[in-house]
Structure formats: C-alpha cells, structure tokens
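As the structure is a prediction and not an experimental result, all values here were calculated from the model.
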Amino acid sequence: MDYNFAETFDVDKDSKYLVEKHRQILGSQSDFQKWHLATINDPSRNWNRVFGKRWRNTLAWGKSKQQSRYLKLTREVVHQFRGKPDWETKGLGDTVKTIYASASDSENTIERISEIQVMALWAAQLIVVAQEIVPLQKTCRVEHWLSQLEYLNSIESEIQFGFEEQPTTLLSVMVELPLTLAFCLPKFDEDFCWSSRATKKLMMSLDLVLDGQGIPHSRYLNHGLELFAILTRCRLLMTALHLSFDDELFETQLDDFTRFVFKALRTDRTLTFSSHGSARADNALLGAAASYFENSRDRDFAQDWQRPRQSLKSAFEIDEIGFCSDVSEVAMLQEHIGANACRIAIDFGNRNCPFELSRGPVLLRSNSPLKLTVNQQELSQTSSWETNVWFQDQDVDFVELEANFGQAKVQRQFLLAREDRFLYWSDAVFLDEPADVTYSYEWQVGPKFAVMQELETNEVYLTVDEKIRSLILPVYCDEWRSRRSTEAWQASGNELKIQQKFHGSGQLIPMLIDLKPKRSRAPRTWRGLTVAENLSPCPFDQAAAHRVRIGKDQWLFYRSLIQPANRTVMGQNYSCDFKAIRILPNGGTEELITVD
C-alpha cells in the first residue's frame with residue numbers, strides 16, 4: 001500500500017480545468033438557478049434530511065464542549081452566508097474566531113482552542129461549508145459559487161504537515177470533505193472523482209492508524225475518540241453513496257476498531273488515556289458505529305456496556321476480552337467485557353509506559369518516567385518497551401514488558417486475576433554486576449478517589465466519601481512502618497511514590513492492588529519468604545517470594561532474578577521464572593500462572 005497522500009495529478013490545475021468545464025455546463029445565471037432548485041429539492045442529497053434527523057450534530061462527535069460551541073457558531077455563520085452573494089470560505093475561520101472571542105467568557109478559552117485544535121477545527125469548518133454547499137447556491141453568481149467549490153476541491157494542496165502530526169485534520173480534509181462533496185454534488189463527482197479518491201485514502205489511513213486487528217497504534221491513542229468519530233461519519237457517507245472497499249478486510253478493521261472503543265471507554269464516556277476534560281462519546285456516535293455490527297452479541301454489548309449484565313461475562317471468549325498488540329504497542333487486561341469491569345490499559349509504545357487501572361472510574365494511572373541511579377549516576381532509557389510474555393486464560397491476563405537502561409534492564413509485569421480480582425504489578429531490576437542502586441517511580445490516584453493511610457502499617461486505601469473502595473499493598477516493603485526507611489513508600493496528595501535503595505545485581509519491587517471493596521476492609525498481612533537453593537538461602541538479588549493474605553484469600557508470588565533453577569519456597573519446589581498461586585483454606589494450592 002502506498003502511504004503517500006499527495007495526489008498523482010496537479011490538484012490546482014485539474015480543479016481549474018474541471019471548474020471551467022462545469023461553468024460551461026451550468027450555463028447562464030438563470031440556468032444555474034434552475035439547477036440549484038432541482039438539486040436542493042432532491043431529498044436523497046439533502047444532508048439534513050438524510051443525516052440530520054437520526055444523527056444530529058454529527059460534526060460535534062468526538063469534540064469537547066468548547067469545540068462543539070465553536071462549530072455551532074460556525075454553522076450559524078455559514079447559514080448567514082445564504083443571504084450574501086460574495087461569501088468567502090477562506091475567511092470563515094477568522095470570522096468565527098472573532099465572534100467566538102467576543103462572546104466567550106474567557107479569552108483563554110479561544111487561545112487554548114487556537115493553539116491545540118486550530119487545524120482540526122479548520123478542517124471541520126470546511127466540512128460545514130461542504131454540507132451547505134447546495135443551499136449556498138441560492139444568492140450568489142455561478143462564477144463565485146464555482147470559485148468556492150474550486151477552493152474546497154484544491155484545499156489538499158495547502159496541507160503542509162504529515163499524517164502523524166495531524167491525523168484527524170488529514171482524515172477530515174482528505175477523506176471526509178471529498179465524501180461530503182460527493183454526497184451533496186453527485187453530478188460533479190463524476191468528474192472530480194471525490195468518492196474514489198476518498199475511498200483510496202481511507203484505506204491508506206486505516207493501514208496507518210490500525211494494527212490489522214482494529215487496535216490503534218500507540219502514537220494515535222490521544223486522538224482515539226476523534227479518529228473514531230471521523231471514521232464513523234465517513235462510514236455513514238460511504239453507505240449513503242453505495243460505496244464499498246476493494247477488500248473486506250477494511251470493513252472488518254472498522255468493526256474491530258469499534259469494539260476496541262467500546263472496550264476502552266470509561267464510565268464517563270471519555271476514552272482511556274485521554275486527559276481530564278476530554279471529549280465524550282455521545283449516544284448518537286455510539287449508536288451510529290454500533291449499527292454496523294452484524295451479530296446480536298456485539299449489538300447487545302453496545303447497548304448495555306454501561307450496565308453490564310451477567311450474561312455479558314460469558315458471552316465473549318477469553319481471547320476476545322483482553323489483548324496485547326506488539327504492532328500497536330498497546331495492551332489491555334480485563335476481568336470481563338463491561339464498563340464497570342476491572343481493567344488495566346498499557347501504552348508501551350510510550351517510553352514512560354503509561355498505564356491506567358480502572359474499575360468503573362479510574363483508580364490509578366501513571367505517566368511518570370522510571371528513574372534509576374546506579375553508583376550515583378542516573379541512567380537513561382536506551383530502548384523502547386517490548387513484550388516478553390503475553391498470556392491469558394480463565395484465571396488471569398498477564399503481560400511482561402522489558403526495557404533497557406544502559407547497564408541495567410527492567411522487566412515490568414502486570415497480572416490481573418479475574419476471579420480473585422486483584423492486580424499484581426512488579427518491576428524487576430537487573431544489572432550486569434553488583435552496584436548501589438536507587439529506584440524511583442510514581443503513580444497517580446484517579447480524580448474521584450482520595451488516599452487514606454494506616455498509622456502503623458504501610459497499606460494505603462483508595463476511598464470515596466471516606467468509604468474504602470480499594471487497597472494497595474507495597475509488598476516490597478515491610479508490613480510495619482517502624483521497620484522501614486521513610487523514603488521507601490510515600491503517599492503525598494494524589495501521588496504514590498515507590499522508592500527502593502539496594503546494593504546488588506538485582507531487585508524485585510512488587511505491589512498488589514485489591515479490587516474487591518468488601519475484601520479491602522478485611523484484615524490483611526504480607527511478608528517476604530525465604531527462597532532456598534541447595535539447602536542454602538538465596539540472596540535477594542537471585543530470587544524473591546512473597547505471601548499475601550487479605551481476609552480469607554491468600555496468594556504466593558515467586559520470581560527468579562537469575563537463571564531459573566530448582567529452588568524451594570514453603571516446602572514447594574519451583575524451577576520457573578515466575579509463578580503465582582492461590583493458597584486454599586485447607587492448605588492446598590491452585591496455580592494461577594507459571595512463566596518458564
């Protein structure tokens with residue numbers, strides 16, 4: 001697939017030729033007015049009649065409230081153009097910006113929109129004009145109307161940036177705009193080839209944005225909802241134009257992307273990894289996208305995602321719930337399908353490896369860099385994060401990632417237990433030779449939660465209105481505060497600081513987050529266990545094991561920090577790299593996962 005978005009022909013030259021051709025076809029001003037009346041009375045090509053009643057305010061899909069107000073004002077200005085014979089598309093942005101600034105309560109609002117979303121709003125404004133291109137014929141002369149059409153058709157030549165810089169703007173201008181023109185002016189499409197050009201570029205865009213399984217690449221996650229909105233509108237337009245892809249794979253990709261969005265939606269309808277105050281997916285957008293689902297299971301899920309029924313937990317196969325994409329560099333571990341399910345999303349395409357843990361609302365997140373100091377010298381990350389292990393079954397979703405830091409490497413594990421409902425997180429630091437090491441990493445608590453600490457022990461509660469909703473155990477620390485350095489584990493405001501100092505060639509730093517609110521209030525304890533090899537205790541930089549108990553539930557976690565060997569923990573032999581087991585009330589055990 002050729003990813004060059006530049007046209008193979010001279011856009012300006014061809015636009016002028018085609019516009020001149022249509023000027024001759026339209027003829028005199030009276031002939032132009034007759035053509036206008038015939039076109040505007042064609043119900044199959046009236047944007048508002050076809051899309052307006054069912055999918056109202058489609059351009060506001062994927063936009064924040066401020067951006068939506070800006071676009072509403074744009075449409076009002078364009079409606080005023082109908083009474084002006086000399087309206088200009090090119091100056092529309094400045095006109096709207098001036099009116100918006102004078103009407104806004106805060107000048108900072110317009111400045112923020114201007115700096116962050118000016119190009120995306122500019123593209124949306126062009127589409128507003130395209131949607132109204134037929135009514136705008138009413139009062140202007142044929143030459144002027146055609147000059148505006150020429151501007152819309154040749155706007156691609158003004159693009160001076162790449163797809164990765166402004167994916168939403170390019171999709172709007174290169175795909176949605178020509179599809180809109182093709183829908184409103186089908187006779188012109190025969191010459192301008194808007195629909196065929198747009199379809200080709202839409203296929204190119206899907207190859208760039210998605211990984212082949214409907215998962216967006218890491219670098220596009222922060223544009224996720226707006227990309228979803230644009231692609232959904234384009235899909236509606238293609239349906240209205242009776243267009244189809246050359247390869248059914250692209251239809252499948254769009255369906256898979258829709259499933260991804262439903263999985264990644266928070267309960268407030270913002271998308272995972274989006275910032276506070278981001279755009280929300282409204283019912284119209286979700287309904288339009290879900291209308292393309294062919295099986296009843298997907299449709300039921302789309303309708304009930306906010307109120308997940310029990311049946312939804314068993315309606316999906318295990319490999320359909322969580323995922324890990326090495327191509328997109330995105331992973332999602334989920335308890336089951338549903339907005340209130342326990343879920344952790346990981347963007348390991350980002351050097352900071354940000355993650356977001358939620359159970360309905362966001363519990364914890366982090367986008368902080370990992371800091372490693374070896375012999376008083378701070379190390380820089382020298383590689384991106386890569387997947388070592390991805391595993392899922394009825395008991396767990398598990399992923400292990402690895403990144404290099406010069407003379408050290410770090411392996412990061414996420415284990416989400418479905419039935420047991422906890423998240424086990426750990427960083428394992430490995431060095432070529434023993435050294436003095438300082439490890440530092442930070443988590444942020446979700447905006448709806450407050451932090452509450454015990455006075456004598458190290459656990460931390462996440463609370464809402466002083467009710468405990470989750471429990472965090474710093475398993476790498478001693479249980480009692482009096483037995484540790486005050487620098488090892490700190491909760492300050494909405495930040496949790498994980499710190500560890502050691503001298504050796506490796507260290508395991510594990511954490512456990514309890515995701516059962518009732519159990520989080522029960523008594524708990526944890527401790528490090530002795531690992532033995534050849535009847536001798538193993539040093540901490542060779543292997544580590546921990547036992548955790550909360551209420552009646554107990555687990556054991558074992559990790560080798562050197563080449564796996566036959567070692568003993570609590571009378572059991574382990575020769576693996578990592579193991580997590582459930583300890584039963586009768587003293588028996590059940591394996592959750594073993595990584596060799």
Side-chain angles (χ1 to χ4, degrees), residues 388-389 391 393 395-400 402 410-417 419-431 434 439 457-459 471-480 483-484 488-489 498 500 502-514 523-596:
N388 281 346
V389 182
F391 176 80
D393 66 5
D395 293 317
V396 302
D397 277 358
F398 174 84
V399 65
E400 180 181 280
E402 181 176 312
V410 175
Q411 291 180 354
R412 179 167 293 173
Q413 294 181 339
F414 299 87
L415 186 158
L416 181 65
E419 181 180 343
D420 296 63
R421 297 195 79 185
F422 68 80
L423 173 70
Y424 174 83
W425 174 97
S426 73
D427 268 359
V429 181
F430 301 87
L431 295 99
Y439 167 100
T457 51
N458 281 319
E459 58 263 53
L471 170 69
I472 303 175
L473 303 181
V475 180
Y476 74 98
C477 290
D478 194 275
E479 181 177 350
W480 298 92
R483 297 179 187 172
R484 68 163 178 102
W489 169 243
I498 305 169
Q500 181 71 302
F502 65 93
H503 177 85
S505 59
Q507 176 75 46
L508 179 67
I509 304 156
M511 304 282 292
L512 188 137
I513 298 95
D514 185 22
R524 83 288 313 198
T525 185
W526 71 93
R527 62 188 178 93
L529 302 174
T530 300
V531 181
E533 182 178 355
N534 297 326
L535 302 179
S536 298
C538 288
F540 73 90
D541 57 358
Q542 293 185 9
H546 297 86
R547 182 173 181 171
V548 178
R549 177 173 181 169
I550 308 176
K552 297 179 180 180
D553 298 328
Q554 294 188 69
W555 308 277
L556 184 148
F557 305 94
Y558 166 80
R559 181 69 194 270
S560 176
L561 298 174
I562 58 173
Q563 185 69 25
N566 187 21
R567 303 189 181 100
T568 303
V569 180
M570 292 181 61
Q572 300 293 319
N573 292 333
Y574 302 127
S575 57
C576 56
D577 184 69
F578 172 72
K579 182 181 282 286
I581 64 173
R582 180 192 299 127
I583 302 176
L584 303 176
N586 62 6
T589 61
E590 291 180 349
E591 179 183 303
L592 293 176
I593 183 174
T594 297
V595 179
D596 295 320

Practice problem: Take the angle between the ring planes of Y424 and F557 and call it parallel below 30°, perpendicular above 60°, tilted in between. | Solution: parallel
Self-check item: Parallel, tilted or perpendicular, as decided by the 30° and 60° cut-offs, for the rings of W489 and Y476
Solution: perpendicular
Distance in Å, [X] [atom1] paired with [Y] [atom2], rounded so as to fall on 0.5 Å steps:
X    : Y    : atom1 : atom2 : value
C576 : R559 : SG    : CZ    : 10.0 Å
R524 : D553 : CZ    : CG    : 13.0 Å
L471 : D514 : CG    : CG    : 5.5 Å
F398 : F414 : CZ    : CZ    : 10.5 Å
M511 : I498 : CE    : CD1   : 4.5 Å

What's the shortest heavy-atom distance between [X] and [Y], and which atoms?
X    : Y    : result
H503 : F540 : O-CZ, 3.2 Å
E533 : C538 : CB-SG, 3.6 Å
L561 : F430 : O-CE2, 3.2 Å
T530 : P537 : CG2-CB, 4.2 Å
G506 : F502 : O-CE1, 3.7 Å

Practice problem: Using distance alone, with no hydrogens and no angle criterion, decide if S560 and R567 have a side-chain donor and acceptor under 3.5 Å apart. | Solution: yes
Hey, are the side chains of [X] and [Y] touching, using non-hydrogen atoms and a 4.5 Å cut-off?
X    : Y    : value
Q413 : V595 : no
I593 : D395 : no
V548 : F422 : no
R582 : L584 : yes
L508 : S426 : yes

Quiz item: I550 and L473: side chain to side chain contact (heavy atoms under 4.5 Å, CB included), yes or no, with the steps?
Solution: CA-CA 10 Å; I550 308 176; L473 303 181; 4.0 Å; yes
Would you say the side-chain atoms of [X] pair up with the backbone N or O of [Y], donor to acceptor, closer than 3.5 Å?
X    : Y    : answer
N586 : G588 : yes
W526 : C477 : yes
D577 : P564 : no

Exercise. May I have the step-by-step check of side chain to side chain contact (heavy atoms under 4.5 Å, CB included) for Y439 and Q507, ending in yes or no?
Key: CA-CA 10 Å; Y439 167 100; Q507 176 75 46; over 6 Å; no
Self-check item: Worked verdict on Y574 versus I581 for side chain to side chain contact (heavy atoms under 4.5 Å, CB included)
Solution: CA-CA 12 Å; Y574 302 127; I581 64 173; 3.6 Å; yes
Quiz prompt | N566 atom CG: more than 12 heavy-atom contacts under 6.0 Å | solution = yes
Quiz item: Do K579 and E591 sit within salt-bridge range, that is, some charged N less than 4.0 Å from a carboxylate O?
Solution: yes
Self-check item: Pair listing, side chain to side chain donor-acceptor pair (under 3.5 Å) test, anchored in residues 537-551, at least two apart
Solution: S505-D541, R547-Q554
